[in-house]
Number of protein chains: 2
Amino acid sequence: MNTLRNAISQMISISEAEAEEFMAFCYRKSFRKKAILSDDDQFINEVYFIEKGILRVKIIDLDGREHTTHFASENQFIADYNAFLTGKKSRYQLEAMEDLETVVLPRKAIEWGYQNLKEGEKLGRLVAEYYFIYLDTRIQHLYTLSPLERYDLMNGLFPDIHNRVPQHMIASYLGITPIHLSRIKKQKD
Amino acid sequence: MNTLRNAISQMISISEAEAEEFMAFCYRKSFRKKAILSDDDQFINEVYFIEKGILRVKIIDLDGREHTTHFASENQFIADYNAFLTGKKSRYQLEAMEDLETVVLPRKAIEWGYQNLKEGEKLGRLVAEYYFIYLDTRIQHLYTLSPLERYDLMNGLFPDIHNRVPQHMIASYLGITPIHLSRIKKQKD
DNA sequence: ACAAAATCTAAACATTTGTTATCGTTTTCC
DNA sequence: GGAAAACGATAACAAATGTTTAGATTTTGT
């Protein structure tokens, strides 16, 4: 749980006593590769913090097709935060790509934090801002970059992604078919 | 400025005295149709609140092409919030589509609010969460819906958008060319 | 260790979407 | 009020991307 504690300490100042009490609401949970941490069509009341491993976030459209919208790995918070915040049912599935070790932050922990941590609201603000910035940047890239350019960019952001997830999921993340990704990579030479 | 005050009151509880003091940092500003409120390649230290009118957010890619990424109208906060938060130069331009009346919230107002409003951090959290939810929903739609489906959806969200902005900007927002939007609309019959 | 499943590439073809050019209409701006 | 610009539709053509199928290789599960 120290990893979570460190991550929080990097965002806000938090006392030993506060941290202790906050962590009491949280617990560790492991998942096997391919496990679904969080399923769609259900209400979301937990946020995960990843200590080890990598997962993907995917969404299924009306034709039953899967789209990988996001990857998350060590030292990141992950959830269908949209559903968590709005109280609507989730549209996403979280699927472990490797054996995972996580810390679960139940809604109670987070609400307790808002009310009792000196900088609890600030922590919530920084997390929301962080993910807002991430999504805004992605939207910028979707509008202004070609799939190949986005592919190169992703390699800069996640240098080891190729060894951890199959390429057809990367293609899905880029919004193209795996066949097309093959073509694009070939053209690079 | 009452419109801004009301918008804030809907999100947090704020006393008369607090509101008074906060508003003292803000001021009204008007823009003519086609004016650029906020230019790209510069640092962002203001957030706008729209009292009247509508604007678009656009981004210019390396080939010099414009992409309309967002519309904002009455009772909404708008800025390159990404650049505002990160301290990086803006990638967006904000352009008035009609004569605009706005209230400017300078960075000082917002920072003062975080430190002095009882629920200042909470306000910041709610705004960031609101825009995160908006962007996440857009990304869901980009992955799972066709341009036509996104077009129909947009009409539900902004019923009067057609009377306020030209169609080629709507096409740009949808990520397609105006010619293609014409085609799509024709197929609907 | 071995059979089954998953993965990546490739080619041929189909579909979608973009590009360029044109035309008539509407809007804008002095 | 009138010239100029912006706008929306359309057609013909070009480019990008998806679909289907196949085959070779690797990974997975037991």
Side-chain angles (χ1 to χ4, degrees), chain A residues 31-36 53-56 58 61-68 71 95-100 141-152 154-155 160-189, chain B residues 31-36 53-56 58 61-68 71 95-100 141-152 154-155 160-189:
Chain A
F31 298 90
R32 289 277 179 77
K33 184 169 180 172
K34 291 196 177 173
I36 301 294
I54 188 169
L55 62 78
R56 68 165 171 153
K58 67 180 183 189
D61 67 22
L62 289 174
D63 298 333
R65 293 169 196 249
E66 280 188 359
H67 304 266
T68 298
F71 299 105
E95 178 190 344
M97 305 300 301
E98 302 170 350
D99 288 353
L100 276 186
H141 295 161
L142 283 171
Y143 275 99
T144 59
L145 300 182
S146 69
L148 177 55
E149 288 169 319
R150 280 183 274 133
Y151 176 76
D152 288 338
M154 195 188 63
N155 289 336
D160 60 345
I161 191 90
H162 295 92
N163 310 322
R164 302 182 79 177
V165 312
Q167 208 153 72
H168 68 266
M169 294 181 188
I170 294 176
S172 176
Y173 174 83
L174 294 172
I176 59 179
T177 57
I179 291 92
H180 193 55
L181 179 54
S182 258
R183 273 196 287 242
I184 281 173
K185 284 171 61 182
K186 200 178 166 191
Q187 286 169 12
K188 283 193 68 171
D189 311 333
Chain B
F31 297 90
R32 289 278 180 76
K33 184 171 180 171
K34 292 196 177 175
I36 302 293
I54 188 170
L55 62 77
R56 68 165 171 152
K58 67 181 182 188
D61 68 21
L62 289 173
D63 298 332
R65 294 170 195 247
E66 280 187 0
H67 305 266
T68 298
F71 299 105
E95 178 189 345
M97 305 299 302
E98 302 171 349
D99 288 354
L100 277 186
H141 295 161
L142 283 171
Y143 275 99
T144 59
L145 301 181
S146 70
L148 178 56
E149 289 169 319
R150 280 183 273 133
Y151 176 76
D152 288 339
M154 194 187 63
N155 289 335
D160 61 345
I161 190 91
H162 296 93
N163 311 321
R164 301 182 81 177
V165 312
Q167 208 155 73
H168 68 268
M169 292 181 191
I170 294 177
S172 175
Y173 174 83
L174 295 173
I176 59 178
T177 58
I179 290 93
H180 193 55
L181 179 55
S182 259
R183 272 194 289 237
I184 281 173
K185 284 171 61 180
K186 199 178 168 189
Q187 288 169 11
K188 283 193 66 169
D189 312 334

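If you're wondering where the values come from, they're calculated on a predicted model, not measured in any experiment. Each chain gets a letter, A, B and so on, in the order its sequence line appears, and its residues count up from 1.
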Self-check item: CZ (A:R164) with more than 12 external heavy atoms under 6.0 Å
Solution: yes
Once rounded to the nearest 0.5 Å, what's the spacing between atom [atom1] of [X] and atom [atom2] of [Y]?
X: B:H162; Y: B:N155; atom1: NE2; atom2: CG; value: 4.0 Å
X: A:E95; Y: A:E66; atom1: CD; atom2: CD; value: 7.0 Å
X: B:R32; Y: B:D99; atom1: CZ; atom2: CG; value: 6.5 Å

How close or far is atom [atom2] of [N] from atom [atom1] of [X], stated in whole angstroms?
X: B:D63; N: C:dG18; atom1: CG; atom2: C1'; value: 14 Å
X: A:R150; N: D:dA16; atom1: CZ; atom2: P; value: 15 Å
X: A:E66; N: C:dA6; atom1: CD; atom2: P; value: 12 Å
X: A:H162; N: C:dT7; atom1: NE2; atom2: C1'; value: 14 Å
X: B:N163; N: C:dT27; atom1: CG; atom2: P; value: 11 Å
X: A:K33; N: C:dA6; atom1: NZ; atom2: C1'; value: 10 Å
X: A:E98; N: D:dT28; atom1: CD; atom2: C1'; value: 15 Å
X: B:I184; N: D:dG8; atom1: CD1; atom2: C1'; value: 15 Å

- Task: For the pair B:T68 (side chain) and B:S172 (backbone), establish whether a donor and an acceptor sit closer than 3.5 Å, ignoring hydrogens and angles.
- Result: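 Absent.
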Under a 4.0 Å heavy-atom criterion, the protein footprint on nucleotides 9-15 of chain D, written with B, S and -, is SBSB---
side-chain N/O B:K34 vs C:dC29 OP1/OP2, d < 4.0 Å: yes
Are any of the side-chain heavy atoms of [X] and [Y] separated by less than 4.5 Å?
X: A:Y151; Y: A:Y173; result: no
X: A:L181; Y: A:H168; result: no
X: A:I161; Y: A:I54; result: yes

Per side-chain contact (heavy atoms from CB on, under 4.5 Å), B:I176 is matched among B:L148, B:I170, B:I184 by B:I184
Stretch residues 170-177 of chain A: residues that reach within less than 4.0 Å of DNA chain C through a heavy atom: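 Listed by number, there are none.
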Against the side chain of A:H168, the closest entry in C:dT17, C:dT7, D:dC7 is C:dT7
